[in-house]
Trainee: 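The structure is given below, and queries will be raised subsequently.
The basis for the numbers below is simple: all heavy atoms, side chains too, and nothing from hydrogens, waters or symmetry mates.
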Amino acid sequence: MAYMPLDKSKFYLDDSTMTKIYDLSNPWGVDTPLWPFPGARQDLQFPRGQYLGRFHKRTMTYTGTLHAGTHMDAPNHVLHEEEVDRERNGYSLNEIPLNRCIGEGVIIDMRYLKDEFEAKWNAADGDPARMGNIWHEIKPAEVEAALAKDGLEIKPNDWVVINTGFHHYWRQNNDKYYNYYPGMGPELAKWLMFEKKIKGISGTWGATDAPLWHDPLSEQMPWLDKAYRKATGLDPTVTHPDYEPCHRLFMQHGVCTVENAGGDIDEVTGKRMVIAAFPFRCEMADGGFVRLVAWEKGTY
């Protein structure tokens, strides 16, 4: 097989005339952080089937969860089929209506939450007994205040992306990223759905629900159950008595949910943009990778 020497003089595409696309996705690969289930969990694997030195092409396969990196959940991830209007909202990943996956939206600046968390963490030297309630559940009033700061509003059929700043922990401190991210509870989910009527939600968080909304926490995240009880003296089965309510609420009502936003998000935070995240067309998939992107309206 002949080699192809590179001749840059024949390049003709002019990127300066093209729309700038902002990538709000986190990179992922062999060392991708995974949701911290109890017990051992297999890492993502990328074995080679063919490689350039012998076959003159590279072919790799992938073994691992579909819920890794920046990904969209499908309703069949958390809901029985009888709980879903499948014809209207889809059930498996390939059935999610594509018009739900793109639209205008806002990237909301709530990065102060990371600063507040870090200050509390450092003051306690990371000791749960000295932290107090360091876990933060975002409330509608906080979102309204963040929108007002940048002169934004959430309109019907908007996508909403919340930047908490926690994407800076991605691959840097996965304990903080997955166990302490500021996230949503059912109060915020219902407000976004029924009052603001959004069609897509994402954020710089490890899951669509805040960490404590994984009841029973003593089984799902036993280390977090112990830390919460030690820090607050509270019982998480009383304060957060449900398993992933935001997942189920959003997906039952046809709202797209994308977890682990990050990438270039700081460059577009506090702005209204066009936002898109298209899932791959995999039958029966309960989730899958997306390239969450944004660009300025009217640039096409």
Trainee: Please tell me if the side chains of Y62 and Q45 come closer than 4.5 Å, counting only heavy atoms from C-beta onward.
Mentor: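 No, side chains not in contact.
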
Trainee: Suppose the criterion is salt bridge (charged side-chain N to carboxylate O under 4.0 Å, His left out): which pairs have a residue in residues 273-292, not counting sequence neighbours?
Mentor: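 Every pair satisfying salt bridge (charged side-chain N to carboxylate O under 4.0 Å, His left out) with a residue in residues 273-292: D23-R291.
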
Trainee: Give a yes or no on whether the backbone of E83 and the side-chain of Q252 come within a donor-acceptor separation of less than 3.5 Å.
Mentor: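 Present.
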
Trainee: From Y177 OH over to Y169 OH, what is the distance, rounded to the nearest 0.5 angstrom?
Mentor: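 Rounded to the nearest 0.5 Å, the OH-OH separation comes out at 12.5 Å.
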
Trainee: Show, in sequence, the C-alpha distance, side-chain angles and deciding distance for S25 and F289, and conclude whether the side-chain contact (heavy atoms from CB on, under 4.5 Å) test is met.
Mentor: CA-CA 10 Å; S25 310; F289 319 112; over 6 Å; no

Trainee: State whether the side chain of E144 and the backbone N or O of P140 hold a donor-acceptor pair below 3.5 Å, judged by distance alone.
Mentor: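 Here the side-chain-to-backbone pair does not exist.
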
Trainee: May I have the step-by-step check of side-chain contact (heavy atoms from CB on, under 4.5 Å) for L13 and M18, ending in yes or no?
Mentor: CA-CA 9 Å; L13 293 173; M18 301 180 190; 4.2 Å; yes

Trainee: Is it the case that the side chain of T232 and the backbone of N133 share a donor-acceptor pair, with hydrogens and angles ignored and the cut-off at 3.5 Å?
Mentor: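 Checked: no pair found.
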
Trainee: Could you give the distance from NE2 (H67) to CD (E259), rounded to the nearest 0.5 Å?
Mentor: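 So the NE2 of H67 and the CD of E259 are separated by 8.0 Å.
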
Trainee: Treating D127 as the side-chain partner and A129 as the backbone partner, does any N or O pair qualify as donor plus acceptor under 3.5 Å?
Mentor: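 Such a contact is found between D127 side chain and A129 backbone.
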
Trainee: Do you reckon V84 sits in the same ILVMFWY cluster as M72, going by side-chain contacts under 4.5 Å, direct or chained?
Mentor: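 As far as the 4.5 Å side-chain criterion goes, M72 and V84 are not connected within one cluster.
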
Trainee: Looking only at heavy atoms, what is the nearest atom pair of A231 and M131, with distance?
Mentor: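 Of all heavy-atom pairs spanning A231 and M131, the closest is CB-CB, 4.4 Å.
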
Trainee: In Å and rounded to the nearest 0.5 Å, what is the OH to CG distance from Y178 to N173?
Mentor: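 Spacing of OH (Y178) from CG (N173) equals 12.5 Å.
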
Trainee: Check whether any side-chain heavy atom of W35 lies under 4.5 Å from a side-chain heavy atom of M221, and answer yes or no.
Mentor: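 Yes, their side chains come closer than 4.5 Å.
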
Trainee: Can the positive tip of R41 be found less than 6.0 Å from the middle of the six-membered ring of F37, inside 45° of the ring normal?
Mentor: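 Negative - R41 is either too far from the ring of F37 or too far off its axis.
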
Trainee: Is V293 reachable from L24 through a run of I, L, V, M, F, W or Y residues, each pair having side-chain heavy atoms under 4.5 Å apart?
Mentor: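 No, it is not one cluster - the side chains of L24 and V293 are not joined through contacts under 4.5 Å.
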
Trainee: Between H136 and K120, is a side-chain contact (heavy atoms from CB on, under 4.5 Å) present by the stated rule, with each step listed?
Mentor: CA-CA 12 Å; H136 187 88; K120 292 178 181 178; 5.9 Å; no

Trainee: Side-chain donor-acceptor pairs under 3.5 Å in residues 97-114, sequence neighbours left out?
Mentor:
{"unit_1": "R100", "atom_1": "NH1", "unit_2": "N89", "atom_2": "OD1", "d": "3.0"}
{"unit_1": "R100", "atom_1": "NH1", "unit_2": "G254", "atom_2": "O", "d": "3.0"}
{"unit_1": "R100", "atom_1": "NH2", "unit_2": "R88", "atom_2": "O", "d": "3.3"}
{"unit_1": "R100", "atom_1": "NH2", "unit_2": "N89", "atom_2": "OD1", "d": "3.2"}
{"unit_1": "E104", "atom_1": "OE1", "unit_2": "R272", "atom_2": "NH1", "d": "3.2"}
{"unit_1": "E104", "atom_1": "OE2", "unit_2": "K297", "atom_2": "NZ", "d": "2.9"}
{"unit_1": "D109", "atom_1": "OD1", "unit_2": "R111", "atom_2": "N", "d": "3.2"}
{"unit_1": "D109", "atom_1": "OD1", "unit_2": "R111", "atom_2": "NE", "d": "2.9"}
{"unit_1": "D109", "atom_1": "OD2", "unit_2": "R111", "atom_2": "NH2", "d": "3.1"}
{"unit_1": "D109", "atom_1": "OD2", "unit_2": "K149", "atom_2": "NZ", "d": "3.3"}
{"unit_1": "R111", "atom_1": "NH1", "unit_2": "D266", "atom_2": "OD1", "d": "3.3"}

Trainee: Among residues two or more places apart or on two chains, list those pairs meeting salt bridge (charged side-chain N to carboxylate O under 4.0 Å, His left out) that have a residue in residues 206-226.
Mentor: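 Applying salt bridge (charged side-chain N to carboxylate O under 4.0 Å, His left out) to every pair that reaches into residues 206-226, excluding sequence neighbours, yields D225-R229.
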
Trainee: Hey, are the side chains of L66 and F280 touching, using non-hydrogen atoms and a 4.5 Å cut-off?
Mentor: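 Yes; the side chains approach each other to less than 4.5 Å.
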
Trainee: Using atom types as modelled and distance alone, determine if a side-chain donor or acceptor of T208 lies under 3.5 Å from a backbone N or O of H247.
Mentor: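 Looks like no, no N/O pair under 3.5 Å.
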
Trainee: Of the non-hydrogen atoms in I198 and I201, which two are nearest, and what is the gap between them?
Mentor: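 For I198 versus I201, the nearest heavy atoms are CD1-CB, 4.0 Å.
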
Trainee: Side chains of W28 and H71: does their closest heavy-atom pair fall under 4.5 Å?
Mentor: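 Not in contact.
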
Trainee: Got more than 12 heavy atoms from elsewhere within 6.0 Å of CZ, R58?
Mentor: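 Not buried by this count: 12 neighbours or fewer within 6.0 Å.
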
Trainee: Answer yes if the ring centres of Y243 and H214 are under 6.0 angstrom apart, and no otherwise.
Mentor: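 Between Y243 and H214, the centre distance is under 6.0 Å.
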
Trainee: Give the minimum heavy-atom separation between P222 and P38, together with the two atoms involved.
Mentor: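 Heavy atoms only, the tightest pair is CD-CG, 3.8 Å.
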
Trainee: How far does CG of L292 sit from OG1 of T70, to the nearest 0.5 angstrom?
Mentor: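 Between L292 CG and T70 OG1, I get 7.0 Å after rounding to 0.5 Å.
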
Trainee: Would L34 end up clustered with V30 when hydrophobic side chains under 4.5 Å apart are linked, directly or stepwise?
Mentor: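 In one cluster: yes.
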
Trainee: Sub-3.5 Å donor-acceptor pair from the side chain of Y91 to the main-chain atoms of E81, do we have one?
Mentor: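 Confirmed, Y91 side chain pairs with E81 backbone.
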
Trainee: Are any of the side-chain heavy atoms of I138 and T164 separated by less than 4.5 Å?
Mentor: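 Sidechains of T164 and I138: in contact.
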
Trainee: Can you get from L217 to W135 by hopping between Ile, Leu, Val, Met, Phe, Trp and Tyr side chains that sit under 4.5 Å apart?
Mentor: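 Yes; tracing contacts between hydrophobic side chains, which count when under 4.5 Å, links both residues.
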
Trainee: When you compare the side chains of Q50 and T59, does any donor N or O come within less than 3.5 Å of an acceptor on the partner?
Mentor: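 There is such a pair between these side chains.
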
Trainee: Residues two or more places apart in sequence or in another chain: which of them pass ring-ring contact (aromatic ring centres under 6.0 Å, His included) with F117?
Mentor: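 With neighbours one apart ignored, the set is W121, F166, Y180.
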
Trainee: Closer than 3.5 angstrom, by distance alone: can the side chain of S202 be matched with the main-chain N or O of V258 as a donor-acceptor pair?
Mentor: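 Yes: the side chain of S202 pairs with the backbone of V258.
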
Trainee: For the side chain of Y22 and the backbone of M273, is there at least one donor-acceptor N/O pair under 3.5 Å apart?
Mentor: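 No: the side chain of Y22 does not pair with the backbone of M273.
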
Trainee: State, with a plain yes or no, whether a side-chain heavy atom of Y228 is found less than 4.5 Å away from one of T239.
Mentor: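 Of all side-chain heavy-atom pairs linking T239 with Y228, at least one is under 4.5 Å.
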
Trainee: Determine which pairs satisfy salt bridge (charged side-chain N to carboxylate O under 4.0 Å, His left out) with at least one residue from residues 244-256, sequence neighbours left out, and list them in order.
Mentor: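 For residues 244-256, and leaving out neighbouring residues, the salt bridge (charged side-chain N to carboxylate O under 4.0 Å, His left out) pairs sorted by first residue read D242-R248.
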
Trainee: Would you check, one step at a time, whether the test side-chain contact (heavy atoms from CB on, under 4.5 Å) holds for L93 with N76?
Mentor: CA-CA 8 Å; L93 192 71; N76 65 344; over 6 Å; no

Trainee: With a 6.0 Å cut-off (strictly less than), is the heavy-atom count around CE of M284, excluding the residue itself, greater than 12?
Mentor: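 No - once you tally the heavy atoms of other residues, nucleotides and ligands closer than 6.0 Å, there are 12 at most.
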
Trainee: For the residue pair A261 and T204, what are the closest heavy atoms and their distance?
Mentor: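 For A261 and T204, the tightest heavy-atom pair comes out as O-CG2, 3.4 Å.
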
Trainee: Is C246 close to W213 at the side-chain level, that is, under 4.5 Å between some pair of heavy atoms?
Mentor: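 No - every pair of side-chain heavy atoms lies 4.5 Å or more apart.
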
Trainee: Ignoring hydrogens and angles, state whether a donor on the side chain of N179 or W223 is under 3.5 Å from an acceptor on the partner side chain.
Mentor: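 Judged by distance alone, the side chains do pair up.
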
Trainee: Minimum heavy-atom separation for I96 to A74, with atom names?
Mentor: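 Minimum heavy-atom separation between I96 and A74: CD1-CA, 4.3 Å.
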
Trainee: Could you see if V143 belongs to whatever hydrophobic cluster contains L152? Use Ile, Leu, Val, Met, Phe, Trp, Tyr and a side-chain cutoff under 4.5 Å.
Mentor: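 V143 and L152: one cluster.
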
Trainee: Taking G69's backbone N and O only, do any of them form a donor-acceptor pair with N260's side chain (distance below 3.5 Å, no angle check)?
Mentor: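 Yes; judged by distance alone, with no hydrogens or angles, the pair exists.
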
Trainee: How far does OG1 of T269 sit from CG of D264, to the nearest 0.5 angstrom?
Mentor: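 One finds 10.5 Å between OG1 of T269 and CG of D264.
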
Trainee: Check whether any side-chain heavy atom of C256 lies under 4.5 Å from a side-chain heavy atom of K199, and answer yes or no.
Mentor: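 In short, these two side chains do not touch, never coming nearer than 4.5 Å.
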
Trainee: Roughly how far, to the nearest 0.5 Å, is the CG atom of N26 from the OG1 atom of T32?
Mentor: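 Rounded to the nearest 0.5 Å, the OG1-CG separation comes to 9.0 Å.
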
Trainee: So which heavy atom on R130 is nearest to which on A123, and how close?
Mentor: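 So the minimum-distance heavy-atom pair works out to NH2-O, 3.0 Å.
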
Trainee: Kindly list each side-chain donor-acceptor pair under 3.5 angstrom involving residues 182-196, sequence neighbours excluded, with atom names and distances?
Mentor:
{"unit_1": "E187", "atom_1": "OE1", "unit_2": "K139", "atom_2": "NZ", "d": "3.0"}
{"unit_1": "W191", "atom_1": "NE1", "unit_2": "E195", "atom_2": "OE1", "d": "3.4"}

